[in-house]
Participant: 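Okay, handing you the structure first.
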Amino acid sequence: MQAEARGCYDTRAMLIKELLAQRLTTAFTTAQAQGLLPPGDLPEGVIERPQDTKHGDFASTLPMKAAKTLRSNPMKIAQTLQQLVEKGHEIQKVDVAPPGFINITLSTAWLQQQVEAVRHEGERFGHVTSGAGHKVQVEFVSVNPTGPVHVGHARGAVLGSTLATVMQAAGYNVTREYYVNDAGNQMELFYRSLWARYQQALGKQAEIPENGYRGQYMVELGQRVVQEHGDRFLKMPEAKAIAAIGAVGLDHMITAIKADLEMIGVTFDNWFREKSLFQDSTYATAMKMLEERGYVVRRDGALWFESTKLGEDKDNVLVRSNGLPTYFASDAAYHYNKFMLRGYERVIDIWGADHAGHVSRLKAVVEALGADPSRLTVLLGQMVALKRGGEVVRASKRTGEIVTLRELAEEVGKDAVRFFFLARSPEAQIEFDLELAKQQSQENPVYYLQYAHARIAGILRHAEERHIEYRDGDVAQLKVDEELALIRKLLELPELVESIAKSLEPHRLPHYTMDLAATFHRFYDTCQVIPKEYSPEHDGALTKARLKLVDASRIGLAQCLTLMGMAAPERM
RNA sequence: GCGCUUGUAGCUCAACGGAUAGAGCGCAGCCCUGCGAAGGCUGAGGCUUUGGGUUCGAAUCCCAACAAGCGCACCA
């Protein structure tokens with residue numbers, strides 16, 4: 001394995017981080033075998049990236065972690081390992097720093113060679129194989145189709161779509177799914193509200209039901225149905241009319257939601273209908289299974305899921321005494337479908353924090369259905385408080401006072417919306433000031449990233465115009481700090497992709513991209529790529545090498561922007 | 001009242017239990033007769049809400065207080 005890795009420049013085969021971890025592990029066991037270190041287990045977390053690059057490319061805190069179990073001095077352990085780590089051609093030096101750090105610096109020659117490796121990988125650079133084709137579902141947004149998508153939903157949309165993309169890059173087999181809640185009494189209310197608006201559009205007297213949907217969009221929807229269908233629903237018996245008009249309204253809502261989400265680059269592989277759970281035997285089978293496993297009891301005329309048997313605070317109603325199933329029952333059946341029928345090895349649900357209280361009971365029901373609840377992860381996006389010029393804007397579908405995603409996308413732009421929500425960890429409760437967002441879109445981090453990409457494109461264009469062919473450039477010319485720093489920064493991308501897929505923290509991607517862009521800008525500032533008085537004899541070697549580095553940077557930056565669903569412009 | 005999440009620069013936010021806590025915006029200076037100045041460099045700005053604890057080491061883990069958000073239905 002090690003010999004194989006040594007001769008390999010392809011980062012896809014093995015990350016340098018993993019290679020170094022192996023070397024350290026081998027050094028550790030060798031030291032014990034030779035009696036240089038006392039016996040004892042290898043601690044977790046062998047290798048990491050130091051915060052400060054002056055400490056080298058990689059650092060290990062292994063000596064300090066092992067000191068206790070080995071009953072040995074951390075500095076002594078560090079020094080022992082320092083001697084035993086196989087350097088190969090990748091490692092330039094291994095240092096020891098108090099109180100027991102091992103610092104590893106990569107060799108310049110190896111770093112230079114990575115420029116070729118990145119260019120060789122091209123569009124695939126940054127992709128890794130840690131996901132091993134495992135079947136994963138990411139379910140997100142899933143807004144009730146009773147109204148348009150609003151600003152608060154944008155967060156989950158961006159989080160979910162980026163996570164799905166990154167997991168795909170990490171080698172998972174990912175399905176993006178939207179759960180359409182087209183059953184239940186909220187939908188019933190929506191249908192009846194639309195029925196009323198439809199009648200009003202035809203000049204008839206009609207009342208919006210209590211707690212119905214009163215937004216302006218419902219008025220428009222009613223008018224639209226009149227345009228498309230005339231008064232034909234009036235001729236039906238009311239119950240039938242409501243059902244028929246409801247189906248039409250639902251269709252329009254889903255189409256609108258789909259279009260709005262596409263405005264910020266969010267798409268799905270599957271739109272799963274709640275109703276389908278009842279149309280086939282999924283719901284019945286799931287309920288039967290819960291019953292057979294002894295988790296269902298009848299009490300006060302309702303059917304209860306005995307979550308308390310699984311350590312929950314209280315039981316939950318599956319079927320109300322009026323015979324109608326609760327949302328929770330649908331959810332149980334839906335997850336039965338995800339795990340049992342479709343066989344996802346792992347399911348990630350992205351919800352708003354207002355649903356936090358439902359996580360544990362859903363996990364309980366998944367367990368009751370016989371799936372390991374650790375296969376289900378629920379990510380909660382904390383609430384987004386919406387402001388306009390410092391004033392809080394209340395978002396409510398029923399009162400109709402909403403700022404829609406569409407408005408936001410039109411005002412602020414897709415890339416800025418994505419970046420803004422993506423850069424914050426899901427747990428952060430954020431305030432979104434529309435005025436500020438618009439204003440800042442002039443002086444936005446988004447432009448910082450895209451400018452770097454456009455700048456790169458400009459240089460490459462320039463090289464082409466001057467007919468500078470750099471295929472034969474020699475990367476060994478790259479020796480300046482700013483050049484090597486840029487290579488080092490690029491090499492972090494595959495590690496980051498692997499790490500994000502594991503920790504489910506896509507917010508680290510925008511921060512890395514900012515870093516990469518800054519590192520490029522610094523390189524640009526100190527290292528001129530194509531001199532004004534360019535002469536092939538005099539400048540050729542360095543210019544060609546730097547063009548290769550610029551090209552590798554383009555690949556890395558474009559990959560980041562692509563993973564985030566943002567544009568990578570050639571010009572601005 | 002109980003539970004979950006969160007308190008980090010003036011503002012918006014980062015920081016696998018590791019070395020001097022970092023970015024962007026804002027603020028004060030400096031840098032284009034050289035590839036895109038939507039850029040670079042320098043500086044000011046922090047008792048990581050407070051008080052205890054755990055350990056070689058804590059913004060990070062545990063306990064308590066204070067503050068904010070969200071839950072606590074036969075709604076979704």
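Labels below follow one simple rule: chain letters A, B, ... track the order of the sequence lines, proteins then strands, and each chain is numbered from 1. Below, each value reflects all heavy atoms present in this structure, side chains not excepted, and no hydrogens, waters or symmetry copies.
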Participant: Given atom NZ of Lys68(A) and atom P of G18(B), what is their separation to the nearest angstrom?
Facilitator: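 So the NZ-P distance, Lys68(A) to G18(B), works out to 17 Å.
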
Participant: What I want to check is whether the side chains of Thr105(A) and Asp57(A) have a donor and an acceptor closer together than 3.5 Å.
Facilitator: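 Looking only at side-chain atoms, Asp57(A) and Thr105(A) do not form any donor-acceptor pair under 3.5 Å.
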
Participant: Do the side-chain N or O atoms of Tyr524(A) get closer than 4.0 angstrom to the phosphate oxygens (OP1, OP2) of A37(B)?
Facilitator: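 Answer is yes, contact under 4.0 Å.
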
Participant: Quick one: which of A37(B), A38(B), A14(B) gets closest to the side chain of Met572(A)?
Facilitator: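 The answer is A38(B).
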
Participant: Which whole-number value in Å describes the distance from Leu542(A) CG to C35(B) P?
Facilitator: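 Rounded to the whole Å, the gap is 16 Å.
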
Participant: Now, which nucleotide makes the Watson-Crick or G-U wobble pair with U49(B), with each of the two distances under 3.5 Å?
Facilitator: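 For U49(B), the partner nucleotide comes out as A65(B), under the 3.5 Å rule.
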
Participant: With a 3.5 angstrom cut-off on both distances, give the Watson-Crick or G-U wobble partner of G22(B), or none if there isn't one.
Facilitator: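 Base partner found: C13(B).
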
Participant: Using a 4.0 Å heavy-atom cut-off across all strands, classify Thr526(A) as base, sugar-phosphate, or nothing.
Facilitator: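 Touches nothing.
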
Participant: With the side chain of Phe420(A) defined as its heavy atoms from C-beta on, choose the nearest nucleotide among C56(B), U12(B), U20(B).
Facilitator: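 Closest of the options to the side chain of Phe420(A): U12(B).
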
Participant: Could you tell me which nucleotide pairs with C41(B) by Watson-Crick or G-U wobble geometry, both distances under 3.5 Å, or answer none if nothing does?
Facilitator: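 G29(B) - that is the nucleotide pairing with C41(B), both distances being under 3.5 Å.
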
Participant: Who does U55(B) pair with, Watson-Crick or G-U, both distances under 3.5 Å?
Facilitator: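 Pair assignment: U55(B) / none.
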
Participant: Before you tell me yes or no, could you show the steps for Asp415(A) and Gln450(A) under side-chain hydrogen bond (donor to acceptor under 3.5 Å, both in side chains), namely the whole-Å CA-CA distance, both residues' side-chain angles and the distance that decides it to 0.1 Å?
Facilitator: CA-CA 10 Å; Asp415(A) 291 337; Gln450(A) 295 184 328; 2.9 Å; yes

Participant: Mark up nucleotides 67-73 of chain B, 5' to 3', with B wherever a protein heavy atom is under 4.0 angstrom from a base atom, S wherever such an atom reaches only the sugar-phosphate, and - elsewhere.
Facilitator: -BBSSSS

Participant: Rounded to whole angstrom units, what separation is found between the NE2 atom of His507(A) and the C1' atom of A23(B)?
Facilitator: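 Answer to the nearest Å: 13 Å.
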
Participant: Ring of His55(A) versus six-membered ring of A19(B): centres under 5.5 Å and planes under 30°?
Facilitator: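 Whether judged by distance or by angle, His55(A) passes, so it stacks on the base of A19(B).
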
Participant: How far does CZ of Phe140(A) sit from OH of Tyr178(A), to the nearest 0.5 angstrom?
Facilitator: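 Phe140(A) atom CZ to Tyr178(A) atom OH measures 10.5 Å (nearest 0.5 Å).
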
Participant: Could you state the atom-to-atom distance from CZ of Arg466(A) to P of G34(B) in whole Å?
Facilitator: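 In whole Å, G34(B) P lies 13 Å from Arg466(A) CZ.
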
Participant: Side chain of Pro50(A) only, heavy atoms from C-beta on: which candidate in G18(B), A19(B), C13(B) is closest?
Facilitator: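 Among G18(B), A19(B), C13(B), the one nearest the side chain of Pro50(A) is A19(B).
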
Participant: Which pair of heavy atoms, one from Gly160(A) and one from Ile350(A), lies closest together, and at what distance?
Facilitator: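 What the structure gives for the nearest pair is CA-CD1, 3.3 Å.
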
Participant: Can you check the Ile459(A) CD1 to A37(B) C1' distance for me, whole Å?
Facilitator: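 From Ile459(A) CD1 to A37(B) C1': 14 Å.
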
Participant: Whole angstrom is fine here: how far is it from CG in Leu449(A) over to C1' in C25(B)?
Facilitator: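 My rounded result for the distance is 14 Å.
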
Participant: In terms of relative ring orientation, are His511(A) and His507(A) parallel, tilted or perpendicular, with 30° and 60° separating the classes?
Facilitator: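 Perpendicular.
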
Participant: Give the rounded distance in Å between these two atoms: CZ of Arg424(A) and C1' of A23(B).
Facilitator: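 Going from CZ in Arg424(A) over to C1' in A23(B) covers 12 Å.
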
Participant: At 4.0 Å (heavy atoms only), tell me whether Glu427(A) reaches a base, stays on the sugar-phosphate, or touches nothing.
Facilitator: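 If one applies the 4.0 Å heavy-atom cut-off, Glu427(A) turns out to touch the sugar-phosphate alone, with no base involved.
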
Participant: Under a 3.5 Å cutoff, is there a donor and acceptor pairing between the side chains of Thr282(A) and Asn337(A)?
Facilitator: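 No pair is found: no donor N or O on one side chain lies under 3.5 Å from an acceptor on the other.
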
Participant: RNA chain B: Asn181(A) or Arg49(A), which has the more 5' nearest nucleotide?
Facilitator: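 Mapping each residue to its closest nucleotide by heavy atoms, the 5'-most match is Arg49(A).
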
Participant: Between Lys338(A) and Glu177(A) (salt bridge meaning N to carboxylate O under 4.0 Å), is one present in this structure?
Facilitator: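 So Lys338(A) does not pair with Glu177(A) through a salt bridge.
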
Participant: Taking the basic N atoms (NZ, or NE/NH1/NH2) and the acidic carboxylate oxygens, is any pair closer than 4.0 Å for Arg299(A) and Asp315(A)?
Facilitator: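 Salt bridge between Arg299(A) and Asp315(A), a charged N being under 4.0 Å from a carboxylate O: yes.
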
Participant: Nearest to the side chain of Val529(A), heavy atoms from C-beta on, is which of G39(B), G36(B), C35(B)?
Facilitator: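 The answer is C35(B), which lies nearest to the side chain.
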
Participant: What is the nucleic acid contact for Asn316(A), judged by heavy atoms within less than 4.0 Å: base, sugar-phosphate only, or nothing?
Facilitator: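 Since no nucleic acid heavy atom lies under 4.0 Å of Asn316(A), the category is nothing.
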
Participant: Please answer whether G36(B) and Tyr451(A) are stacked, defined here as ring centres separated by less than 5.5 Å and planes angled under 30°.
Facilitator: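 Base of G36(B): not stacked against Tyr451(A).
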
Participant: Quick check: are there more than 12 heavy atoms from other residues, nucleotides or ligands sitting under 6.0 Å from CG of Asp313(A)?
Facilitator: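 Open.
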
Participant: Check whether any side-chain N or O of Arg455(A) sits under 4.0 Å from OP1 or OP2 of A37(B), and answer yes or no.
Facilitator: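 True: Arg455(A) side-chain N/O within range (under 4.0 Å) of A37(B) OP1/OP2.
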
Participant: Side chain of Ser425(A): nearest nucleotide among G36(B), C35(B), A14(B)?
Facilitator: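 Within the option list, the nearest is A14(B).
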
Participant: Counting only Watson-Crick or G-U wobble pairs whose two distances fall under 3.5 Å, which nucleotide matches G1(B)?
Facilitator: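 Because both required distances fall under 3.5 Å, G1(B) counts as paired with C72(B).
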
Participant: Nearest whole angstrom, please: distance from the C1' of C35(B) to the CG of Asp525(A).
Facilitator: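 In whole Å, C35(B) C1' and Asp525(A) CG are 12 Å from each other.
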
Participant: Kindly label the base of C32(B) as syn or anti, based on whether its glycosidic torsion lies within 90° of 0.
Facilitator: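 Base orientation relative to the sugar is syn.
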
Participant: Find which nucleotide of RNA chain B each of Pro99(A) and Arg522(A) is nearest to by heavy atoms, and output the residue with the more 5' nucleotide.
Facilitator: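 Of the two residues, Pro99(A) wins.
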
